[in-house]
Structure formats: structure tokens, C-alpha cells
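This one's a predicted model, so the numbers in the text were calculated from it and none came from an experiment.
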Amino acid sequence: MPHTLFSISLLVFSFFIPGPVYTKDFHSFRYSINNIAVGEQRVVVATENCLYLFDHTLHLLSAVGQRENDSTECMETDGGRTSLDQTITNYNMLLLVYNETVLSCWSRKGICNERGLDQVEKISTYSENVVYCDPQHPAVGFVQYTNPFYLFVATYAHERDCKHETVTSLKHVSLRVKDNGKLIIDLVDSFAFVKNAMHFVDGFLWENHLFFSYYLLNGGYARMAVLSKMFNRIAIEFQARVKLVCKNKEPLEVILSSTKFSISGKHFWAGIFTSRNKISAENTALCIFDLTAIKQVKNNCSDEDFTTDEDVKNMAVNHVDHTSCVDNKQLPVNERITLTHGNLSAVYAVEVNKRIVFFLGTGNGQVLKVNLDAMMTASCPEVIDVFTNETSVFRTIAPDPVNSSYIYVATTNQIKRIKVETCIRFNSCAECLSAQDPYCGWCHSEKRCTSKTECDSSASAANWVGIANNRTCLEINAVPIDNTQINITVRENTGFITKNTSWICTFEKLGLKTKLCTEQYEMACSCLLSTNTLSDKDQIIIEITSRNAIRTEIYQFERCSRLQSRCSECINSGCLWCNKDFKCRSPLNPCNNYANLTTCMDPSTPVISEYQVNISLELDRISVFGKQNMSISGQHLENVSKLVLIGTSSCNPEQVDVFPINNTHAKISFPPSHREIKGLCLNYTGSNCIKAKTIYYVSPPVCFQISPNTPWVGGGRKISIFGRNLDILDKLLIQYNEGKYLQSNCSSASCSFEAPTHTATDTKVEVKILVNNDKINCGTLLYKPNPTFKSFSVLHDVNDEVEFQIKKKNDDLYVQKNEIQVKIDYINSTYDCPVHNITQNADESTVLCKMRKPSKDKIKENKVKVTIIMGNFTKTLEIKKDRLELYWFILLVIPLLLIVILAACFITRYKSKQLSNKLSKQVELLECQIRQEIRDGFAEFQMDKLDLKIQTTRTIPFFDYKHFALKILFPELEGGKMDFSEKLFENIPSPFQSRRPTEDKETLSVLKTLFENKSFMIHLIHTLEKQSSFTIKDRCMFASFLTIAFQNNLVYLTELMEDLIRHLMDQPSNKHPKLLLRRTESVVEKLLTNWMSTCLYGFLRENVGEPLYLLVQTLNQSIHKGPIDAITCKALYTLNEDWLLWQISEFNTVELNVNFPVIHENEKGRNDSNCIKVLVLDCDTIGQTREKILQTYLDIKGYPFVNQVSDISIEYHYGQTHKTLLDIDASSVIFDNGIKKLNTIKHYKLENGATINVIKDKCNDVTDIENPQLYCHLVLSDTEENEASENGHVKGKQKFKVKELYLTKLLSTKVAIHTPVEKLFRSIWTIHGRPPVAIKYFFDFLDAQAENKKVSDPDVLHIWKTNSLPLRFWINILKNPQFVFDIKKTALLDSSLSVVAQAFMDGFSLAEHQLGKSAPTNKLLYAKDIPQFKEEIKAYYKDIRDSPAVSPAELKEFLNLESKKHEHEFKEDMPLLELYKYIEKYFDVIMNTLASEPELKDESRQLLQVKAVFEDKKKWKWE
């Protein structure tokens, strides 16, 4: 019998626990939910600080803060969430949705504001002091938005608000109207105050009356107040106040949640009531009250709780007698509680097919469904969903406004969209209707159980049969004829077929199309089937058709085994009932004598007699799986065989088997159940439970973490498991090869145990917990070797305390100090030494412990024995006596060592004197060299005039705009720039030229129209930037092609750039505003660079071009005035210390007479001399000499020589001899390491006046500069320099060379270019008249954005402007003059320009750099100039800010003028096609983005058309 009861309980439990058939639509929030409201197609959720808008499927549409345009703080991001300012938490106190408007009221200042559902970020009305600030007591209210508009609000309030300031203007109950965007109280009698502290639950309008429910905080029945609606004016007039009596064994005075509903024209209000402190199986209850009866009540009892100004005035005139209000109580429907439960928290009711369905939330995260019959009697709840976090269901449960098959249920920080029915689980009509679910009925045409909306109603009015239709299913009777046949008889008794009506009956096996029987009958039909072709798994479809109507049923053989409760139910389902063993059987497995309806015998249910016990349980929390053989103790247990377990009042009590051991001890087995508080009845009268012991059914244990998870093999380490509901486990199991049960000490949140010993290291063992014979995995332990302790010593021995240090080898155990126990054995006594610290080094750890000394004497280490205990592992350390013998040996050896050391010192001293004398002479010589070098450098700096003359015989070689733009837009395309420029500039055939030019032109037009759609472009760019494969290079290329595509429409390009910059500023990733526009990581940042370059090209050429060219030429001449190493490219005169050539000996200037060849016929028009004088250095290589010859020719003539450097040779002409000069020839110096030294002017012994002939012939020089390791020029290694000196290749005495001696050369170069640098800088940041339109416009734009973003730090705005103009444009021009001029930029020139550019940017920096003597020379060169630059730049920014603003018309005129200048610079189709390549690559992602934006439907269609054209072209491209 116990086994049978357990099986029945398990069956009931499986019915209670929901399967995975419900929807998974949900959303989690970072903060607690405060309110939920539902509109016609939208769901609004208010949490702390935030407001969220969803569509009806819980797809998030928008998230905003409680302030206007405040959205970033509520949005969540992929790496993690944004941080909110948590100094003040703003709670939502009231949330209403009406007329496409959402009203939200907040705790801070009692603010209420209205927002449109279409623009939820915008606030339309704003009012203060409407609600109170205590989040424990939210306000209630409702709105009438038709004329006249008014808002009813009831709010808790206290004498002092949350900031401890006196509340003066807050009205507790008020009717407010709207006036100039404010919610105001228009009349004196439109508000009331409360006399007692109370909590308002809900409020609503019904039949021209206002109702609101509440309960008193200091005790008393819950209440409902009724207000008459005034038609002529908006004022509060109390009609009545009633006490809501929801009483079980004691009054339940607190309302947790409520709902209003109606059925058959009757209106009701239901609430979840609870007691104030007691927890039991009947702690909460559902009570239903008749609203019609409440509306008819009229009394003055509201004066006990509320007062108005009119009451105060009339108090002396009309004294109200409140004695009648004591009995002013309203009883629930049927004068009883509808349902009791241990832990309800929320309620919602709805009428479904003439029945009422309640959805209840529980305090542990369950959603229950309860059906009421016609007598308002509740069914046993069904669990339809469970929240895994087990937190309480939020008080508001709301319906889906679009699909009535769903509801919204929430917990602390999560909301779900839950399907309310799962009719599909019922396989037959009998099963479907026996479930008594109003949502479900049998759809005859589809032969399945469905909701009413899923069934085709056009077939016939009675096609769908539910429990409220008063119709039944087909009556089926299946009986065996013999061992080989059964006869299935079907009778139609639903009123579908009238007498003498013919109908066709068909039998068919499910899954097969073959009909088993088909005949025409009048009232009944039957079919004889062979049992050889049937099994219990088979299902027979029975279909009855008459005219156009149909009736169906599915007969299931297998269902018979599940109908074990009642004989009549078994027979009515077409099964066989065996009276002998009280079992329901299938006709395929009959018993000998089966019953009919007249001979039915149901099993007798054991009647539990009255009993009264007083027992004690091991625990009162058990798993939902139940608990077997729990020990109990008490008195008089011998005569008790069963106890009663009560739960929800609408469910049948359960019987709990008791197995007495003796009169005081017994075993008890609890059945399975869902999560619920139940009561084990201790005093049972046979029908009622007088006294019960509370039992908590909780979910199975869950393990979160095991710490530590690395025990040592010796065992005994304390391991902790952290999780939930761990106190209900039966046993703790550790499993390797064989399982081993462990002793544990558990609470609800943690369990601790000692790790057992293990034989093998680095092995994993599983930890499991056993609950009702089910094993739950908790994780693994990784066994490590025992810790290794190496030695100990006395660290401190002072006064009466001694500290020991114990050396331990590092391991992976991560031992804590509380896991180590140290005992000290000293002089026949043992002392505890508590560990107070563990320090870890690279190889070992040190364990420190302190103890009190047994005496004042010093501790002798050789008499100490240290024992370390860690769990079951023990280690003993002591000092070996052999160490004392070692000490004596050391003492004998030390004197001998001293004698040897003294002798060695005497010899070393003699040798060192000799070496010191030699070094003194060398140091004296070295000092003389250094003094002379410093003096020479100083003299050169003071005497050298550096009068560089810039040749002005030729004009400045500016690039035209299209070449300038190409270099700026595509700086990375150096290799293929010629091909690329041809695609953009040349009049080559378009890729679209084909046999269909008209369609191609239309396609390009559609594509450009798409790109001219700003909304489309913004979504396109944001979508591309979200793709990980869309690299920074792709973003720059995209921005550049976009710039080219809209060269003729800069107005649109500017508007697009504005919107993209605003979006960039709003991105959550831009947490540090000072970094904005500093890098080029997005399309808009590169687009800004391109825009500046386009708009400032005219200003660059007219104002800055000449100073920039002068600087480049001056710097070039300064560099080439001194030696330059041809291999390392280092120079004596430079601005960059890293490129300073300091390994240089003496050099001299040599003037050469250079003869150029005879002029060709086509050159005779030029009247030029064939001989020019060229200045070179005697240390120049032949290659450098050729370059200087051609450069001098260009400077003098104004045009270049016809041949390049590589196409000429030079020869030395002396007497009648000509010698070709080469960098490498047979006379070149070759060092021992194989390095060849390049030939120089000095190598060939050329002197002033030497004659050089230029020969137009390709140079046959063999120098391979691409392999510099094979050659050298001026920079020699120490070995090569010594070798050159010894062999006479380097003349004169070698000087001591130190780089720092030549730093004055940097200063010389800086002085030489000082005037051009200052002229260039001031041409950039000096304003003559009005600033450039582009700069003024963009700086004003940044000012406006800073004001909108509430950026109060002026440094941020300065940095934005600096990042957008100097850093993004001018630095690019300063470092790359080859973008502007047709010149060659060498590495040496680039290094010096970098120093100038750094000084330029330092002037814009806000940081005050404190430079020291060790600061880089690049910073020190312009250290004195930077302050002056800063002042000029500050004035520059101020002049721009103070200059007249650029009007929209002026800006448009400027941009149109610039567009017209560049109208035909580039081809139109090429950039469009390049942009389309990116669309084609990410086409699917882009289309998904467009599909989610309804306003871009047309653009999505156009993009598909463009793609179709391109796909078509691929097919006939070969033509």
C-alpha cells in the first residue's frame, strides 16, 4: 500500500510540474522592477531609475531614464553594463498607460511626467509633489483621458519625507486636472488627507464610481473606499467605506495584490490577503468580493480614515456617529475564502469561455493557474511556469494586449511572456474535456485539443467543444470477443445527430491511411478488429460525419493503464474495470470478469480516523522530490498509520504513511509536490485540521561553487560547497572509482566537509549530493601533492615573544593561514604557535607564526622541533646536529683563507699602480680632446652665420586639387596609386557600359539616391562598424569613397557628418570625452579629416602654402650643409637627436666646376651656360655628389635636368685624363670583415676648382644600398675605425667622440629655420578678418554639442577642437609636405619635420610639462617657445569664438561654391561602385537591419533591386 500511495503521489507531482512547453520570451533588468503597465500594443516596465518600452512580444524598443533624453544610463552593453550614478536611487511610484501616452511618477520630488509612446524619450508634461517617496508604499491611480481629463492619485505619506524635510504640499488622495503641462488640483475639495498611516493597493473607475483599496499599517481589516463621480465638477466626495473581511482561522488584514474581473454581466474584485506575521500553509488567501454590493453601500465611515477641508469646516456643525462603522464589513462571495495557500504574492483574473481563470504568483517564483466553476469553487492549482531564481512574483500580472493566449509575469528583475494554455498535450476528446481547462476544447475538424481561436469555426458552430458547452465526447465501448478480436462500439449522445438521421462512421488507425471500418448507421456503430494487428501503443481515430458536420474521437489503448482511480471513469473511456484487483485494463489485456456501470466497485479509500499527536521532525524543509523514511519522535505513535498533509485549500489533502518503530519513534515518508508551504496535521478531527506543523517544499539543491577545489592527497582539508537549498540533501558523495559518503555540515547556502585521503596526485574526483536517491553533480576536486616544508628558523626572539619562519615550497594549493597548525616542541614541552601571515616569493613561501616564550632565555634552534599539521597531513622539522661540526670546520679554514687573500692583495696593488699611471696619461689626453671639441663647437655656433639663401627662380610646385585629394584620402595606396588615379581621373570606359546603358544609368541613380538618404546611410554605417571584419582600413576607405561620391554635394556630406558625430558622442563606449576624435577608428572620424581637407584646400594654398614651402626648402639646405651618412642617413645638421651624425671627423667644402653635355636640338631654344659651380663636401659619396649637382642645376636654371640621377655618370677631368667616379670601384677600401667603404670626394683627392663632366649615361655603380650591411660610409664600428687608422685610410689624429658633444648642432639647425617656423605657425593660427568658414562653423558646432551634453569642463571643449583641426589636419600637412607640393620627402627631412610638428602640437596642449635636464632633446629644443605659442593659440581660439557666427545660408553658399569647384574632378560611378562592394559583402546583415526599421522599407526594396541588377551583370559580363 505505501508503494501504491507513492506512485499516486508521483503521478500527481508530474501533473503539477510544468513541462518545457511554455514560451521563453523574457527580459532581465539590472535593477528591481517597480511597476508594469500595458497599452494597446505596448508594454511599459518601470524599474529603479529607468523606463523600458517593449512591443507585445517583449522585444525591447526603447530604454530611457526618468529625465528627458536620458537613455545611456539604462542601456546595457556586450563587455559588460554601463555604470549609473548611484548617489540617489529614483523609484517609480506610479505607472499608467493611456491614449498612446505613458504617465510615470517617481520618488524624487514626487515628480510625474507624461511621455508619448512613439517618442518615449521626450517629456510632454512635468509636475512635482504628486506622489510620496517611500518605495515600500507605491501610489495607486488611474486616468480618465476623455473630457474632462483627470488623474486620480492615492499615495502614502508621512509627516517627514525621505530627506527629513517637512511635507507641506503633498495631498494623499487627489483628483488632478491638466493645466499648461502641469497636473494640478483645481478645486479646494478635490483632495483629501489620511488620518492613519495606510498602504494603497489599487484604484479603478466603474459605473461612474471611483474605487480604491487599502489597508492600515497599524492593524485592522483591509478596506475599500467608494467615491461618487461628480459630473458638474471634479471633486472628491466619499460615498462609503467598507471593511473587506477575508478570514480563515484568523483575519487576514494585508492585501498583497488585487484584480478586477467580470463574468456574465457581474463584476467582482479579488485580492490576495495575508496575515501580518505568521507563516503557515494557510498564510495567504484568495478572496472574491461582489463590486455591485459594495457600490450600493452608503455611509460616513470614510471619515475614520480620511479628512477634507470641508470636513474640518463642518466638524462643529455635523457630528458624525461612527459606532455603526464597527460592523460595516463586506464578506466575500459565498461568505468564504476561495482558496488558501502558503505563499501567494500576485493575482490576475480573466473570463474564458464563460468560466473564470485565475493566474496566481507565489513568493518562490511559481505561476499557478486556477479555474473556477459556476459556483465560484476553485480547482487545484496547476503550475504553468517557474522562475529559476525563486524570487517572489511581482504583484502585477498583466494580459498580452494582442494575443490573449499570453500573460506577462515578473519577479524582482525579470519579466516573462508566458503562454496560458498547453492544450496540445491532450490526445483525445475525453482527455481534453476531463482536464477542466476553460482554454481547451476538442476541435472535431482537426481531431486535436486546441484553444477556441485555433479551431476553424466556419465548419460548424459546434466544431469546437469546451467544458462550458454542456456537450460530451463520443461514448466508446471496447470489449474483447475472444482472444483474437475486440469489438469497438461508438454511440453518439451529444445531441449532434437526431433520431432517424443517417450518418457515416469511420474507423482508422492513427498514422495509417487505411480505413479499418466504414459503414452507414443510424444511432450507433461498431468495428471488429483483430488483436494480432494491435498493441497498447496504437490509437484509433473514430470519425462520424452527417451532412456537413463532423464528430471525432481518438481511442487510446494505453490510456487505460492511467485510469486507476474510479471504475466509472474507466468504463466511460472504453476500458475494462476489473473488480477483483480494482484496476483499469486495456481490452488487449483483459481480466476474466470485468465490470459494467451497474456492477462497478471502486477501491475503498482508507478513512483516516481522528488522531492527535505531538511529534518532532528531523527537518522541516524537504525537496520537491519528497522525503522517504524520515525519522520522527513523539508520543503515542504506535496506533498511528497515516497522517494528513494539507496544502492549497482547493486540493485534496494527502495521506502520509507512518511506520511506527515503537511508541515514541517512527519513520515517515513525504510524497512529492511542487514548491509550496504545507502543513502536517498534528490534530485531525476526521474532516478538519486543528493544528499543523509547517513543512517547506523547496526546489532541489543547486551547487554554485566549490572552494577550495584542490585538496592534498593526505586529506583533511576543509572544503566548502556554495549553492542553494543545500540543507535538504540526504548525503554527500565523493566519487572516483568507487563512491564514498562523507560527513558534512550544511546550511541552506553552504556545505562543508573534510576531503578524504587519496592515493594519486593530479587526479580529479567528482563531488555529488544525494537527494531522494537522485545524484546531483556539484563539481570536481583536483588532488595535489602534499605541501613541502623545507626548514625553519627563529626570526625574532625579543623579550617574552618569539617568531618562527618556516620555509615552504610553492605549490598550487593556495593554502590560507587558518589551514596551518604549528606546534613547537621545546625542552620537553609542546606549545601552539598561531600562524599570522604567509608571504610568497618566486620560488618559496614563508609561513610566520608567533608564540610566547616559556622563559626569558634565548631560544636554541638546535633544541626546537617544529610540527606542521594540515588536516590529516603532518610534517616535523628539526635542525640536524651535523651542522655544528660544519661550524667548527669553517672556523679553522677562515684563518688560512685570510693569509692567501692578503698575499693576493699585495701583488694586485703593485700591478695596479703600473696600470694607474698608464690610464692617467690617457685620461689627460682625453680631457684635452673633449675641451677642444667643446670649444670648437661653441666657436662654430657663434661664428657660423648660417645665411641660407633660398633660390626663387621657380614657382612653388603646388599639386592641383585632385592630386592633393588623392594623397589625403588614400595615403595607404602608394604602390598602386597610378592605377587608382587613372580609375578616378581618366576618361576610361565605365564598368557599367554595356548593351543596356539606360538601365545602368538608372541603377546608378537608384544607388546614389539610396546614399543620399541620410537615415539609410547612418544605419548602413552603424551596421558595417558592428562587423568585426570591417577593419579600420575598410572604414577609412569607405569614408574616402563617400567623400569622393559627394564632392559635388558637400551640403549633404556635412549634414551626414554632423549626425554621425552626434551618434559617436552618444555611444556608451565614449566614457572619456577627452578621447573623442583623437583616433581614426570609425568612418566619421576619417570623414572629418577628409571634410577638413576639402574645405581648407583654398586656405592652405593661399595662406599657408608659401611659408610651408619656405620651411621645407630651408630645412633641406640646412641638412645638406653638413655631412650625411649615405648608409644610415644620419646627418650632422638635423633637429632629431636620433638622426644626429656624431661619428664624424673633420670635413671641408669643395667647389667643383661641372660641365653638362651639349644640348640636344630640341633644347637649343634655351639660352643656358653649360658650366655651373657646385659646392660639395669632401666627405660626400659619389652618389651624393651627383644628387647635389642635379639639385644645383634645378636651383639655378629653374627646371630639372633631362636625366635622372640614376641615368647620369660623372667623370673627373684633369689634364688629358678622364676618370669615372663611382661609389665602389677597384680602389675602394675593404675591411677585414668584408665591409666596403663608399668612395668620397676626399678618396679621389678632388680639390677646389676640379672639373667634373656630366655624362648622359646610365651609372654602372655597383652599390647595393638595399643591403647596407655590406657597406659603410661615415659611421664606422670601433674595429673598422681602428683598422682604417692603422692602414692610413683615415688621416689625422682620431678624436674621442661622444654624441652629447654634438647636441649644439641641433640648436644650430633650429636657429637656421626659426624664422620660417614662426612664419608658418602664425600663418595657421593668425586670423586676418574672419576665420575660414569651415573652421568657424565646426568649432561652433562643437560648442553647441558641449552645451547639449552638459559638458562644463572647458578643457574638454579645447581638446575636441584640437583633435578635430590641428591634430587631424594641420599635423598631417606639416609632416607630409609631399601631399601639397611636387617634392620628394627623405627620411632625414621627415625626422626633422616630426620635431617641428611635435612643437606645433605642444602649443595646443593644456598640460604644463615640467621639463628637466634629462628630458628628450626634441622637447627641450622648443621648450622656451612653447609658452608663447600657447598664448597665441589661446587668442586664436578666442578670436574664432568671438567672431560672427556663420549663418546656415552662408555655410550653404560656401559649401555649394566648394562643390562647384570640384564638380568634375572625379568620376561619379567609380566611388559608388566601390561603396556598393561593402554593401555586397555584408548584404544579409544590412538587410536584417533595414527589416527592423519600418521607415526604411522602401530603401530595403530599392537595395534588393540594385543587387538584382548587379547579379544579372555577373551573368553576361563576358559579353
Task: E1493 CD: over 12 foreign heavy atoms closer than 6.0 Å - done: yes
- [ ] From the options F193, F212, F306, select the one residue that forms a ring-ring contact (aromatic ring centres under 6.0 Å, His included) with H172.
- [x] F193
Open item on the list: When you measure from the side chain of S127 to the backbone of K182, do you find a donor-acceptor pair of N or O atoms at a distance under 3.5 Å?
Closed with: no
Open item on the list: The test is side-chain contact (heavy atoms from CB on, under 4.5 Å); show your working for L1357 and D1343 and say whether it passes.
Closed with: CA-CA 7 Å; L1357 192 56; D1343 289 336; 2.8 Å; yes
Open item on the list: Check this for me: K260, atom NZ, are more than 12 non-hydrogen atoms of other residues, nucleotides or ligands nearer than 6.0 Å?
Closed with: yes
Task: The single option from D134, N92, T89, N90 passing side chain to side chain donor-acceptor pair (under 3.5 Å) against S107 - done: N90
Open item on the list: Main chain of E304, side chain of K195: is a donor-acceptor contact present, judged purely on distance under 3.5 Å?
Closed with: no
Open item on the list: One pair to check against ring-ring contact (aromatic ring centres under 6.0 Å, His included): F54 and H27. What are the steps and the verdict?
Closed with: CA-CA 10 Å; F54 302 88; H27 187 88; 5.1 Å; yes
TODO: Evaluate the side-chain contact (heavy atoms from CB on, under 4.5 Å) criterion for residues V45 and F394: first the C-alpha distance (whole Å), next the side-chain angles of each, then the deciding distance (0.1 Å), finally the verdict.
DONE: CA-CA 12 Å; V45 179; F394 186 69; over 6 Å; no
Task: Donor-acceptor contact present, side-chain R241 to main-chain S302, <3.5 Å - done: no
Task: Pairwise salt bridge (charged side-chain N to carboxylate O under 4.0 Å, His left out) hits with a residue in residues 143-153, at least two apart - done: none
Open item on the list: For D400, give me all partners under salt bridge (charged side-chain N to carboxylate O under 4.0 Å, His left out), at least two apart in sequence or on another chain.
Closed with: R417
Open item on the list: Within the supplied structure, the quantity of interest is the number of heavy atoms (other residues, nucleotides, ligands) at a distance under 6.0 Å from E1347 CD; does it exceed 12?
Closed with: no
Task: Steps toward side-chain contact (heavy atoms from CB on, under 4.5 Å) verdict (L94, V130) - done: CA-CA 10 Å; L94 178 63; V130 179; over 6 Å; no
- [ ] Measure the shortest side-chain to side-chain distance between L244 and Y215 over non-hydrogen atoms and say whether it is less than 4.5 angstrom.
- [x] no
Task: CZ-CG distance between F387 and N364, expressed to the nearest 0.5 angstrom - done: 11.5 Å
Task: Partners meeting salt bridge (charged side-chain N to carboxylate O under 4.0 Å, His left out) with E114 (sequence neighbours left out) - done: K178
Open item on the list: Nearest 0.5 Å, please: how far is CZ in F211 from CG in L227?
Closed with: 9.5 Å
TODO: Indicate whether the side chain of Y214 and that of D305 have a donor and an acceptor atom separated by less than 3.5 Å.
DONE: yes
Task: Separation between SG of C133 and CD1 of I111, rounded to the nearest 0.5 Å - done: 12.0 Å
Task: Expected output: side-chain E128 to main-chain G110 donor-acceptor under 3.5 Å - done: no
- [ ] Tell me, please, whether F191 has K171 positioned over its six-membered ring: NZ or CZ under 6.0 Å from the ring centre and within 45 degrees of its axis?
- [x] yes
Task: Rounded distance (nearest 0.5 Å) linking atom CG of L252 with atom CG of L286 - done: 11.5 Å
- [ ] Give a yes or no answer on whether the side chain of S190 reaches the backbone of I185 with a donor-acceptor pair at less than 3.5 Å.
- [x] no
TODO: Please list all pairs passing the salt bridge (charged side-chain N to carboxylate O under 4.0 Å, His left out) test where one or both residues lie in residues 96-105, with sequence neighbours left out.
DONE: none
- [ ] State whether a side-chain donor-acceptor pair under 3.5 Å links N99 with T101.
- [x] no
Open item on the list: Measuring only between side-chain heavy atoms, which start at C-beta, is K1361 closer than 4.5 Å to L1077?
Closed with: no
TODO: Taking the side chain as every heavy atom from C-beta outward, state whether Y221 and K329 have any pair of such atoms under 4.5 Å apart.
DONE: yes
Open item on the list: The criterion is salt bridge (charged side-chain N to carboxylate O under 4.0 Å, His left out); which residues satisfy it with E1058, sequence neighbours excluded?
Closed with: R1062
Task: Atom pair CG (L344) and CG (L256), whose distance is rounded to the nearest 0.5 Å - done: 8.5 Å
TODO: Taking S257 for its side chain and I272 for its backbone only, find out whether a donor-acceptor pair lies under 3.5 Å.
DONE: no
TODO: Using the ring-ring contact (aromatic ring centres under 6.0 Å, His included) rule, take F142 and F152 through it: C-alpha gap first, then chi angles, then the decisive distance, then the call.
DONE: CA-CA 5 Å; F142 54 88; F152 170 80; 5.1 Å; yes
- [ ] For the residue pair F261 and F268, categorise the inter-ring angle as parallel (less than 30°), tilted (30 to 60°) or perpendicular (more than 60°).
- [x] parallel
TODO: Just jot down the salt bridge (charged side-chain N to carboxylate O under 4.0 Å, His left out) partners of E207, sequence neighbours excluded, or say none.
DONE: K295
Open item on the list: Please evaluate residues F204 and T259 with respect to the criterion side-chain contact (heavy atoms from CB on, under 4.5 Å), reporting the C-alpha separation (whole Å), side-chain torsions for both, the decisive distance (0.1 Å), and the verdict.
Closed with: CA-CA 10 Å; F204 53 91; T259 183; over 6 Å; no
Task: S213 and its side-chain contact (heavy atoms from CB on, under 4.5 Å) partner, picked from V140, V242, I255 - done: I255
Open item on the list: With rounding to the nearest 0.5 angstrom, report the CZ to CG distance, F29 to N34.
Closed with: 11.0 Å
Task: Identified side-chain contact (heavy atoms from CB on, under 4.5 Å) counterpart of M93 within the set V131, V153, T155 - done: V131
